[in-house]
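Every value quoted in this text rests on a predicted model; they were computed, and no experiment measured them.
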Amino acid sequence: MFSVNLPGKIKFTCWLCLLLHAEECLGGETRNLEVMPIHLVKNGASLDPQVLAQLQPVPIPLLTPTSDCTGKTVKGRVIHKGPLVSMGDDSYVLKTVIQEEDTQQSPSSEHSSINVVLLGALAKSYFEHVSQGDVLLLAGFTVGKSPTVNKDKFHVCNLQLCGDDASVYVFLSSTLSPRSSIPSKRTFPHGTEVTKAAKVAKYTYVSLSNLKPGIVVNIYAVVCFFKQPFQTKGTDYCSTLKITDQSNNKVGCTIFCDKLEEHPKIFKIGDIIRLHRVKTQLFNGAISLLTSHGFSVVTFDGTVGSPVVPRTSSRSFKFDEEDQHAVEALRMWAANQSLVPTEPSVPLSSVQPKAYFDLTCQLLAKAPVDSSCTLLKVWDGTKCAYPLLNVFVEPNTFEGSPTLSQNVENLTANILVYDNHVQVARELKPGTYLRLYNLHAVPVASRLPGNGSEQSDETEHLGFHLHGGTSYGRGLRVLPDDSPDVKDLKKILETFSDMNDSLLDVWNTPPESFDSAPVELATERTCDHTVDPVTLAEAKSKGLPQVFHVKAQLKSYQPQKLYQSLKLFCRKCKFIQDVPDDDTVQGVFLEAQKDDGPCEGYWSLEVHLPREPRCELPSRTLTLHMFSQLEGKAKELIFLKGATLEETCLIASAYRNIVPVRSQGTMTLLDLSAPFLFRGTRRYYGCKQCSKVNLKGPPGEEIEVMDENSVAEALGVQLLQYGLLMKLELQDETTSLETLLWRDAEPFFHVSAVDAAADQQAQERVQEIMERLCPPGSNMVERPWLDLCLSAYSVEEDGQRRTCYQICHTATRCPNPHNTPSDT
DNA sequence: GATTAGGTTTTG
């Protein structure tokens, strides 16, 4: 900014007399002017707000010879520019005519065009730099009677600008071509410059200490109190504010506007506000501000050093370096005042019972309670020091996820929003970031049932009420995702998404838009058919048989003990059974030891075992049999008689195929409740119903591979297959659905069931996956979403047909590749 | 085209 301060009192003396001879008469008297130095704009820099604060635009037609023009401005387009008349001694005079631009206000050109007389250096400058068609803003003028009104039919007044208090601001004409709308600099004397700004009006901002009743002003200030817009009894919404500035005056401001988006976007005390065209009014002995015609408002964050980003819904608004400076100056000033509130925004973790506070949070779910109350479930990523009250609402009334009513981690706050706020709350979408103003932390003493002691059982649960009314600024508003406070909040919330990176995305994404906004899903479909995704509720309602693609979360699963999910089933008779436990198997082995007769036709190796003192077993003979000692595949198959389960396992770890047998003269297999074959750590079972055991001869030499299938076939055993069977309860935003995971469980977990039965690591992998899909102690918001292919089919159960759903063609993704355990 | 509200705690 460039400003020239000239001596305070200027006496119009000799050269003023010369003007009496000029075309325009200036009145001829010697006057004292208010101190008002010349201010010229340089390089678009802002003017001194202290000075501009005193300026007030006046339409040309409203000027009268008696108008007090102190602090007034006039704006108009140059329609005539006269010659520069030299008065000697470097004194000049120039006459020009400007016309009011707003023709609606002044249809009569007689009253909208006015003569302007410029004197001295300003006249010379004007001559050099102002052209016809330019739009000017004049300040520091005086009004006199126009001596030429009869001749030129212009305004009865003229404007006189001279010397130190006069300012001329030049704007580009709006009729100029786009090429010439680029701002151009014009050099004024004394090395000063005027910037031509493209169709941008200059605003002058008034200090709150300089407000007189009944004027329209522009204001820059800091917000020290505010209410969110509320519906009036009239046609508009009303925002009630109290603002202050460097003058330390606090001024009330009432904003009426029928459009919510045109109300000031104030998020917290300390925000900076710029008001255009508010009128001053005396109310209860104090000046207050009220919206007037053409009102507009822009707000800014009040934090020193943060980016100066105007908050406005207006598509065109003036914002330049001047505004930047004004905001920064107010921020600096406010930082040293104690404006900032007694009840700041506090995290849930610092909330005290009975306190009123502002909460910045994310909306998880909402549900109407009754006509004057809505429940909001929110979190801010901090854990409240007091147990949080849970408010029960029918799950199907929630928008968001009904299971959010679980409050496992004491992170979800229940907020009851009453009366006038219900309407605002109704518009909110889960995932939105919010600020709730003047929230009331209401302690609810709840005594735990079943304990007589009254003292120790009083637990204070905190519920939160946004009471009706707007006292103390009560209300709520959505915060934009890019606001500094939301950015801070997101950082906190993100620390909770370690388990599942998609968590926040999920809540920012309505479930129905999954396909348009891809979300990291914990499972993926492997099917090659294409069907449109449906909700679980839609899947339930459709006919059979069907294949569905759904997105859902895992609500619960069974069995919780994963080894219980291991099953044996017969491909022939379809019978599914549990894998016998070791006690059962051991019992079969012990029973079989009684049948230790000879085995005709087999090569034998006998091992005599003495009675072990530790156990109850008598002394025994353990016999290894083979079809032949040396030849072919037969040597790979060992029949073991008289061993315990433990011994069989031990021997199986050293020999490839061990078949436990017994004999009452003829060798035969054990009861098929026990494995008929041990291969390493794997145990194979046969179907009691479908096997036709026959140990008559060695396995055929045509067998290329000696494995469970060929051994089973050679022994007449119908091999049972291992499988994993789980019941998964899925849930989406519509309903929950019980499904089975069976046919495609192995690809789902990336393990083979037989491994899961024999191998600790494989079991752990299944366990890990289930814990990822359904973390122990988690609530629904923490659980990942699954992309699933479901098939629906009908089964008959107790004479009744029932629809079953099975997860098919689906595999879990492995976000963290399985770590190979280090050697120990 | 004027009017609305004019900071100041529900009582759930």
Side-chain angles (χ1 to χ4, degrees), chain A residues 104 208 211 213 221-244 249-260 262-264 266 268-271 273 275 278-295 297 339-344 346 351-359 367-376 389-393 413-423 425 436-446 461-477:
Chain A
Q104 279 189 324
L208 293 176
L211 298 178
V222 184
V223 176
C224 43
F225 172 79
F226 66 103
K227 285 184 176 183
Q228 296 303 330
F230 57 92
Q231 202 127 39
T232 64
K233 288 173 185 157
T235 56
D236 295 339
Y237 288 93
C238 176
S239 294
T240 302
L241 322 176
K242 186 149 275 179
I243 58 175
T244 187
N249 286 59
K250 289 192 172 61
V251 176
C253 181
T254 306
I255 290 162
F256 290 114
C257 198
D258 61 346
K259 295 186 185 74
L260 272 175
E262 287 173 16
H263 278 259
I266 302 170
K268 58 180 173 188
I269 289 168
D271 280 355
I273 189 166
L275 296 154
V278 283
K279 64 181 175 223
T280 55
Q281 186 182 65
L282 212 52
F283 177 75
N284 282 347
I287 287 282
S288 63
L289 297 165
L290 197 64
T291 40
S292 79
H293 182 69
F295 160 81
V297 63
L339 293 174
V340 189
T342 47
E343 292 149 6
V346 296
V351 170
Q352 293 300 313
K354 296 180 183 171
Y356 289 89
F357 66 106
D358 297 347
L359 179 67
V369 175
D370 58 45
S371 62
S372 67
C373 184
T374 287
L375 173 65
L376 301 181
L389 185 73
N390 193 12
V391 178
F392 181 78
V393 175
N414 284 271
I415 294 169
L416 291 165
V417 169
Y418 290 100
D419 304 337
N420 51 316
H421 311 300
V422 166
Q423 194 192 342
L436 295 136
Y437 300 93
N438 199 235
L439 202 53
H440 190 186
V442 180
V444 179
S446 47
H461 282 75
L462 281 190
F464 299 95
H465 293 230
L466 188 66
H467 296 301
T470 62
S471 308
Y472 282 86
R474 271 201 305 273
L476 68 163
R477 83 168 295 146

In the structure I gave you, are the side-chain heavy atoms of L462(A) and F464(A) within less than 4.5 Å of one another anywhere?
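Yes, close enough: below the 4.5 Å cut-off.
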
Find which nucleotide of DNA chain B each of C224(A) and T232(A) is nearest to by heavy atoms, and output the residue with the more 5' nucleotide.
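Its nucleotide being nearer the 5' end, the pick is T232(A).
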
Spacing of L208(A) atom CG and T280(A) atom OG1 [to the nearest 0.5 Å]
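So the CG of L208(A) and the OG1 of T280(A) are separated by 11.5 Å.
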
Using a 5.5 Å cut-off between ring centres and planes within 30 degrees, is Y472(A) stacked on the base of dG7(B)?
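Not stacked: fails the 5.5 Å / 30° test.
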
With the stacking rule set at 5.5 Å and 30°, tell me whether F256(A) counts as stacking on dA5(B).
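Base of dA5(B): not stacked against F256(A).
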
Distance test, side-chain N/O of K227(A) to OP1/OP2 of dT8(B), below 4.0 Å:
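Checking dT8(B) against K227(A), a side-chain N or O does come within under 4.0 Å of OP1 or OP2.
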
Kindly say if T240(A) contacts the phosphate of dG7(B), meaning a side-chain N or O under 4.0 Å from OP1 or OP2.
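For dG7(B), neither OP1 nor OP2 has a side-chain N or O of T240(A) closer than 4.0 Å.
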
Nearest whole angstrom, please: distance from the [atom2] of [N] to the [atom1] of [X].
X: D370(A); N: dT10(B); atom1: CG; atom2: C1'; result: 14 Å
X: N284(A); N: dT8(B); atom1: CG; atom2: P; result: 13 Å
X: N420(A); N: dT9(B); atom1: CG; atom2: C1'; result: 13 Å
X: I243(A); N: dG7(B); atom1: CD1; atom2: C1'; result: 14 Å

When we call it a touch if two heavy atoms are under 4.0 Å apart, what does [X] touch: a base, just sugar-phosphate, or nothing?
X: Y237(A); result: nothing
X: L290(A); result: base
X: T235(A); result: base
X: K233(A); result: sugar-phosphate
X: G468(A); result: base

Selection from [options] that lies nearest to any side-chain heavy atom of [X]:
X: Q281(A); options: dT10(B), dG7(B), dA5(B); result: dA5(B)
X: R474(A); options: dA5(B), dG12(B), dT9(B); result: dT9(B)
X: Y418(A); options: dG12(B), dT8(B), dG6(B); result: dG12(B)
X: S288(A); options: dG6(B), dG7(B), dG12(B); result: dG6(B)
X: T254(A); options: dG6(B), dT4(B), dT10(B); result: dG6(B)
X: T470(A); options: dT4(B), dT10(B), dT8(B); result: dT8(B)

Span that lies between the P atom of dG6(B) and that of dT10(B), in whole angstrom:
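Approximately 14 Å lies between the P atom of dT10(B) and that of dG6(B).
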
Donor-acceptor contact present, side-chain T374(A) to main-chain V417(A), <3.5 Å
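No, the answer is negative, given that no donor and acceptor are paired below the 3.5 Å cut-off.
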
Looking at H467(A) and Y418(A), would you say the former's side chain and the latter's main chain have a donor-acceptor pair under 3.5 Å?
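No.
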
Check whether the ring centres of F256(A) and F295(A) lie less than 6.0 Å apart, and answer yes or no.
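Not close enough - the centres of the two rings lie 6.0 Å or further apart.
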
May I ask you to verify whether the side chain of D419(A) and the base of dG12(B) hold a donor-acceptor pair under 3.5 Å?
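Pair found.
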
